[in-house]
Each structure stands twice: as structure tokens, then as C-alpha cells.
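Working notes, beginning with the structure itself.
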Amino acid sequence: MKIVTWNINGVKARIDVLLHWLEESQPDIVCLQEIKSVDEGFPRLEIEAMGYHIETHGQKGFNGVAILSKLRFDEVNRGLPGDDEDEQARFIEGVISTDGGVLRVVSLYLPNGNPITEDRKFGYKLRWMERLERWAAERLALEEPLVLAGDYNVIPQPIDARQPELWVNDALYQPESRGALRRLEYLGFTEAIRTVSDEQMFTFWDYQAGAWQKNNGIRIDHLLLSPEAANRLASASIEKHVRGWEKPSDHVPVAAELAFN
DNA sequence: ATGGTAGTCTCACTA
């Protein structure tokens, strides 16, 4: 069971790239972020023609998440609980039945949080992370295979940035952001990429200032596995080459293979 | 300190 997270930065502008990547990568489940589309605008026909079920949680212009799955959904929940005032589309959970039992998958787009001087940005990010931690603690109690996949907008460690000194005033690298991610992981999650390699790897290169050409990247897209999912982890990888394609997203797909039969 | 790029029912905002 190949599960992938990918911040696609606009699904309508990226549909040709997405279809080409699906053909090449052959994922079973794809968690997309920043679809930047309302649900009715999602280009579902072409993707369904490749055998995927699609569940979206979109909004106009910004944000928006989706899950594509070769297996059908038994249940779908939209929105992160804990704040009825929060109207940003950043969270969708799908429950899928496999031959090896139930699998719970989340596609999340954590707030960027910049600038750190504005509560409506950085405060919102930290409060969102508190809500995510509470939600995750509840779900872990189910003792099911659970994958929290997404753009976390957090650089976990200095090694996860080519030039960490450039990020010291950025919301993605604040001690509060990194501490909140660490607390989430310490509930009992295994981070897939760091389980298979200690090397420096990136998942995002800015469009600006030749970041890709200079390999000036950061690692902010993560797959967090519950113990029951981590037990099944066979491999994990970053599909870096996709950043070099025509009209790319600024993020690349991050994949984990779980044994599910 | 600035600007560099990309996407979106923008004429600004988000990243």
C-alpha cells in the first residue's frame, strides 16, 4: 500500500503534472494539500478515470485538501475539531478498509504562520497545532493504523534546512513550532522518512531566487505513523525528481510503503 | 533591506 503526501500548489494549474505523476508513481492513496479550489471545481473526472475515489475539502482561492484512494472510503470527516470559528479548509480524514484491516488517513495543511509578529498568523498556527495534538491523542487511543500526512510547515531540525540560519525568524523554524511538532510525535508517532534515513533531504524549494537550482530547500512535508501503521512500514522516499519537471509545484511527493495484506 | 516567483474569480493576498 503506497501512501503519498503532496502539496500540489493549485490542482487546476497542476492537473497535467498530477496525471503524469499518478501514471509514473502508481500510488494507492494520495493526500493533496493546497488544492486552491472549491469542491465543485476539483478536476475529478480525469483522476476517477485512473481508478481513484476522491474526497475533497476545498475553499475558494486558498488552502484546500483532498484524498485520492484506489480503495473506496468507508467514512470521511472534514475539518479539524476544536474551533467552530475556523473556516480554513486544512484537514480531511478518510477511513479505508483494506484486506489487512482498517486504515485511517489524514491529509493536513498546517498554517504557515508568518509573520511571527501577528497573532492571526503565528498564534493561529500554534493553536491549530494544539488542536491537532488533542485530536491525535484521541485517535491513537483507537490503536488503529493511522497516517497523518501533510504539509506541516515545520522544519523539524537544523539538518532539515540547507541554510538553517536563514530561517531563525521564520514561523516554520520557531522553537514553539518545532516543540509542538515534537510533542505531537512524542504521543507515539513514527516519522517515516527519518526512520529510513539520517541524510539531509528536502521536500520544498522556493520558486524564488533559484532555490531549486541551488538546492536551497527545506523538509516540511511529513508522514506520521501510529504504532500500528509503523509496524507495517516497508520503505519511505522523497520523489525529488518531480521538482525538475515542467511547471512543477514548489513541493514534491513524499511516499511510504505499508504492508497491508 | 530588497526582491526574486507562482497561483487564485486579485486589482491584493498567500506562500
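Sequence lines set the chain letters: A, B, ... in the order given, protein chains first and strands last, and positions in each chain run from 1.
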Rounded to the nearest Å, what distance is computed from the CD atom of residue A/E34 to the P atom of nucleotide B/dC13? 18 Å

The ring-ring contact (aromatic ring centres under 6.0 Å, His included) partners of A/Y152 (sequence neighbours excluded) come to A/H222

Send over the distance from A/Q59 CD to B/dA15 C1', rounded to a whole Å. 14 Å

If we take the C1' atom in both B/dG4 and B/dC9, what is their distance in whole Å? 26 Å

B/S/- along nucleotides 1-9 of chain B (protein heavy atoms under 4.0 Å) is ---BBSBSS

Which residue pairs pass the ring pair (Phe, Tyr, Trp, His ring centres under 6.0 Å) test when at least one of the two sits in residues 231-261 of chain A, sequence neighbours left out? A/H20-A/W245, A/F204-A/H251, A/H241-A/W245

Among all residues two or more places apart in sequence or in another chain, which pass the salt bridge (Lys or Arg N to Asp or Glu O under 4.0 Å) test with A/R14? none

Just jot down the side-chain hydrogen bond (donor to acceptor under 3.5 Å, both in side chains) partners of A/Q59, sequence neighbours excluded, or say none. A/N63

Grab the CG-P distance between A/D151 and B/dT14 for me, whole Å please. 16 Å

Residues at least two apart in sequence or cross-chain that pass ring-ring contact (aromatic ring centres under 6.0 Å, His included) with A/W135, listed by chain then number, are A/F91

Would you mind classifying the nucleic acid contact of A/F204 as base, sugar-phosphate or nothing, using non-hydrogen atoms under 4.0 angstrom? nothing

Short question: side chain of A/D39, backbone of A/G58 - any donor-acceptor pair under 3.5 Å? yes

